Amino acid sequence: MSAHMPIAAHPMDGVLARLAEIVGDRATRAPGVLADHGRSEAYHAATPPDVVVFPETTAEVQAVVRLCCELKVPVVAFGAGTSLEGNAAALHGGVCLDMGRMNAVLKVNAEDMDVTVQPGITRKQLNAQLRDTGLFFPIDPGADASIGGMTSTRASGTMAVRYGTMKDNVLALEVVLADGRVIRTAQRARKSAAGYDLTRLFVGAEGTLGVITQVTLKLHPQPEAISSAVCAFPDLKAAVDTAIAVIQSGVPVARVELLDAVMMRGMNLHAKLGLPEVPHLFFEFHGSKAYVAEQAETTEALATEFGGEGFQWATTPEERSRLWHARDNTLYAGLALRPGAKAMITDVCVPISRLAECLVETAADIAQTGLTAPVVGHVGDGNFHLLVLIDPASAEELARAKAFCDRLARRAIALEGTCTGEHGVGVGKMDFLPLELGDAVDVMRLVKGALDPDGILNPGKIFRPRDRQQGDAP
C-alpha cells in the first residue's frame, strides 16, 4: 500500500466549497472549531457539526439557509454555548451558524423604550451599550447568554418576577425561514391584534422553526435606587412561605432567590461568604429611595413572621455586586462541594402555592437516593434548579441521577407545573412534553411540518417524530 494514498474526501467538502462562495473563509471544518460548537454547559454528550459558518448579515444567513434547504442539510443556530438541555447540539451534523459576529445594536428608540439588536449580542454587551440612555434590559438568566439564544429558549432568570420573561419582552423578530424567506413577525407597537402572534411562536422554538436574525426588545428605566438583602431561615418551607407571602402581599420585589443549606455550604466554600449553612432568601428591590426602603421593611417584617433572622442589607454597589456575583456563580459553588464532579443541571416550575410541597418532596427524594444536589430557585415565580453532582465515570451514578431528574419532572407536572421553567426542551426534556401537554404536541408537529417540511432546522429537538400508528398514511 502506498504511503501517500490520498485521504478520502468528506461528503461535506462540497458543501464547504459552496458555503465559501457565500462567506469566504468564515466557513470552516477545522476540528477545534467543530469541537467547540459541539459542547455546551449541558451534561449531554458533545455532538459537533460538520461545518461552522460565521455570518455577519441577514443576507448571508438567508443564503446559507437556502443552500441547506437545496441540499437537505441540517442547519443549527449557535449563540454563546450556555444552553443546558442540548438545545444547540448538532445531533445530525450539518451546518452550524455561529451568530457571534452578528452582535450589533441596530437602533435604540429611547423615547419608546425599545431597542433592535442582532442575535449574537450578549445581555451584558447590550446593557453596556445602553448605560448612557438611562434604560436597561432586565432579563438575567445568570450566564452571559446571547439575546438570540435567550429568545430561542424563552429564557428568564432572577428578575422575571418583576420584569417577566423573554416572551414578555420581545416585541418583534426578523426570522429566516427554512426555505430562505425573511419575515418580520410584528411592528414596534407595544400591543397588536393583527393576526396570529408569530413573535411568540418563534420565542421558545429553539431554532426549529426559523433562524432569528434581529430582535426588538422592550427596555426599562434604570431604577433610581436598588437595595439587596439576604436572610436565613430554619428550613425550606419557612423560606418558601416567606417568598409566597411577599408576592401575595403585592411587594414588587425585583428578585427573590432561594438557596438551600447544601448550596449555602458550596457558596461559603467558593465565595467565602461566611453565612449560616441553612436555607436563605436573597432579595432585591428597585424603585425610588423611599419606595425601596418601604419594600424592604415590609419584606423584613414578613420574613420575621416565618422565622427569618439575620437580615443583612446591601445598599452600596460593591455590597450588592458581591452578593449577586456569588449568586450568579452557583454552578461553581455547587462544584466546590465535590471536586472532579460534573453537574447535571435541571429545572422545573410549579404554581407558587405548590412550591413548598414540591421542594419538600424533592429534598426527601434527594436524601433517599444519596445524591448531592444543591437547590437554587427563582421562588418568586415557582421555578427552581438543581445541580445534581455526579462522577462522570460512574454509569451507575449517572443512571441514578437521571432517574431522579425523571421523577422531579413528573412530580412538577403532577402539581400542574412544567418540566422546564427556563432551560427549554432541547434533547433533555423531550420525553416529558407529551405528559405535560398531551395532544398539543401533535399541533407543534403540524406547525413544524408546515414551516420546515424537510426538517432541516435544528432537527431532533423538542419532540420526537410521532410513532406511526395503524392506519397512518405512509
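Predicted, not measured: the structure shown is a model, and the values here were computed from it.
In summary, the side chains of Thr316 and Glu319 do present a donor paired with an acceptor at a separation below 3.5 Å, with no hydrogens or angles considered. Defined by atom type and a distance below 3.5 Å, a donor-acceptor pair is present between the side-chain atoms of Glu436 and Thr418. Remark: the Arg411 side chain and the Thr362 side chain contain an N/O donor-acceptor pair separated by less than 3.5 Å. Between the side chains of Glu422 and Ser156, a donor-acceptor pair is found at a separation under 3.5 Å. Using a 3.5 Å distance cut-off with no hydrogens or angles, the side chains of Lys167 and Thr199 do not pair a donor with an acceptor.
The distance between the ring centers of Phe137 and Tyr163 does not fall below 6.0 angstrom. A centroid separation of 6.0 Å or more is found between the aromatic rings of Phe384 and His378.
Within 6.0 Å of CD in Glu396 there are more than 12 heavy atoms belonging to other residues, nucleotides or ligands. The environment of OH in Tyr332 is sparse: at most 12 heavy-atom neighbours from other residues, nucleotides or ligands sit within 6.0 Å.
Between Arg101 and Glu56 a salt bridge is recorded (basic side-chain N to carboxylate O distance below 4.0 Å). For Arg338 and Glu397, the salt-bridge test passes: some basic side-chain N is under 4.0 Å from an acidic carboxylate O.
Although no hydrogens or angles enter the test, the distance criterion places a donor-acceptor pair under 3.5 Å between the side chain of His280 and the main chain of Val278. Checking side-chain atoms of Asp114 against main-chain N and O of Lys218 turns up no donor-acceptor pair under 3.5 Å. No donor-acceptor distance shorter than 3.5 angstrom exists from the side chain of Asn103 to the backbone of Pro119, with no hydrogens or angles considered. In terms of modelled atom types and a separation under 3.5 Å, the side chain of Arg26 and the main chain of Phe54 share a donor-acceptor contact. Between the side chain of Thr28 and the main chain of Ala30, a donor-acceptor pair closer than 3.5 Å is present. Although no hydrogens or angles enter the test, the distance criterion places a donor-acceptor pair under 3.5 Å between the side chain of Asn329 and the main chain of His325. A donor-acceptor distance shorter than 3.5 angstrom exists from the side chain of Thr151 to the backbone of Ile147, with no hydrogens or angles considered. With Ser394 contributing its side chain and Asp391 its backbone, the two residues share no donor-acceptor pair below 3.5 Å. When atom types are taken as modelled, the side chain of Asn87 and the backbone of His423 share a donor-acceptor pair closer than 3.5 angstrom. Side-chain atoms of Gln125 come within 3.5 Å of backbone N or O of Thr122 as a donor-acceptor pair.
Leu258 is not listed as a side-chain neighbour of Val376, based on a closest heavy-atom distance of 4.5 Å or more. In this structure, the side chains of Val246 and Val256 stay at 4.5 Å or more apart for every pair of heavy atoms. Looking at heavy atoms from C-beta onward, Phe311 lies in side-chain contact with Phe283 at the 4.5 angstrom threshold. Taking the side chain as every heavy atom from C-beta outward, Ile226 and Val292 never approach each other to under 4.5 Å. Side-chain contact check for Ile413 versus Cys419: some heavy-atom pair is nearer than 4.5 Å. Side chains of Asp168 and Ile139 form no contact here, defined as non-hydrogen atoms less than 4.5 Å apart. The side-chain heavy atoms of Met263 and Leu387, taken from C-beta on, include a pair separated by under 4.5 Å. Contact of the Arg400 side chain with the Leu371 side chain is registered, since non-hydrogen atoms from C-beta on lie closer than 4.5 Å.
Arg327 forms no cation-pi arrangement with Phe282, by the criterion of a distance under 6.0 Å to the ring centre and an angle within 45° of the ring axis. Seen from the ring of Trp324, Arg255 counts as a face-on cation partner, given the 6.0 Å and 45° thresholds.
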Item to complete: With side-chain contact (heavy atoms from CB on, under 4.5 Å) as the test, would you mind laying out the steps for Met344 and Lys402 before giving the verdict?
Response: CA-CA 9 Å; Met344 181 184 291; Lys402 285 184 174 179; 3.8 Å; yes

Fill in: Stepwise side-chain contact (heavy atoms from CB on, under 4.5 Å) test for Val52 and Leu34
CA-CA 7 Å; Val52 177; Leu34 299 182; 3.8 Å; yes

Discussion item. Please determine whether salt bridge (charged side-chain N to carboxylate O under 4.0 Å, His left out) holds for the pair Arg322 and Glu318, giving the CA-CA distance in whole Å, both sets of side-chain angles, and the decisive distance to 0.1 Å.
Written reply: CA-CA 6 Å; Arg322 179 171 179 264; Glu318 295 78 16; over 6 Å; no

Discussion item. For a salt bridge (charged side-chain N to carboxylate O under 4.0 Å, His left out) check, start with the C-alpha distance between Lys289 and Glu224, then their side-chain angles and the critical distance, and finish with the verdict.
Written reply: CA-CA 7 Å; Lys289 291 181 179 179; Glu224 174 190 336; 5.4 Å; no

Practice prompt. Go through Thr58 and Glu174 one step at a time and tell me if the side-chain contact (heavy atoms from CB on, under 4.5 Å) criterion holds.
Written response: CA-CA 9 Å; Thr58 297; Glu174 179 185 83; 2.7 Å; yes

Worksheet item: Should Arg410 and Asp406 be marked as a salt bridge (charged side-chain N to carboxylate O under 4.0 Å, His left out) after you check the CA-CA gap, both sets of side-chain angles, and the distance that decides it?
Response: CA-CA 6 Å; Arg410 293 175 184 277; Asp406 182 289; 2.7 Å; yes

Item to complete: Would you please test Arg464 and Asp431 for salt bridge (charged side-chain N to carboxylate O under 4.0 Å, His left out) and show each step?
Response: CA-CA 8 Å; Arg464 304 184 191 282; Asp431 290 338; 2.8 Å; yes

Worksheet entry | Derivation of the side-chain contact (heavy atoms from CB on, under 4.5 Å) call for Leu97 and Val211 | CA-CA 9 Å; Leu97 281 169; Val211 178; 4.2 Å; yes

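A distance of 10.0 Å separates NE2 in His44 from CG in Leu91, rounded to the nearest 0.5 Å. One distance of note links CD of Glu361 with CZ of Arg354; it measures 9.0 Å at 0.5 Å rounding. Within the model, atoms CD of Glu305 and CG of Leu302 stand 5.5 Å from one another, a figure rounded to the nearest 0.5 Å. Interatomic distance, CD1 of Ile345 versus SG of Cys405, reported as 10.5 Å (0.5 Å rounding). In this structure, CD1 on Ile121 lies 12.5 Å from CZ on Arg123, to the nearest 0.5 angstrom. The OG1 atom of Thr299 sits 3.5 Å away from atom CZ of Phe285, with the distance rounded to the nearest 0.5 Å.
With Val379 as the fixed residue, the side-chain contact (heavy atoms from CB on, under 4.5 Å) test singles out one of Leu281, Ile352, Leu236, Thr242: Leu281. Of the options His220, His286, Glu284, a side-chain contact (heavy atoms from CB on, under 4.5 Å) to Arg162 is made by His286 and by none of the others. Phe78 pairs in a side-chain contact (heavy atoms from CB on, under 4.5 Å) with only one of the listed residues (Pro49, Cys96, Ser146, Ser83), which is Cys96. Tested against Leu209 for a side-chain contact (heavy atoms from CB on, under 4.5 Å), the candidates Asn458, Leu201, Ile462 yield a single pass: Leu201.
For the residue pair Gly207 and Leu457, the shortest heavy atom distance occurs at O-CB, 3.5 Å. Between Cys68 and Val75, the shortest heavy-atom distance links the atoms SG-CB, 4.0 Å. In plain terms, the two heavy atoms of Phe136 and Pro221 that are nearest each other are CE2-O, 3.4 Å.
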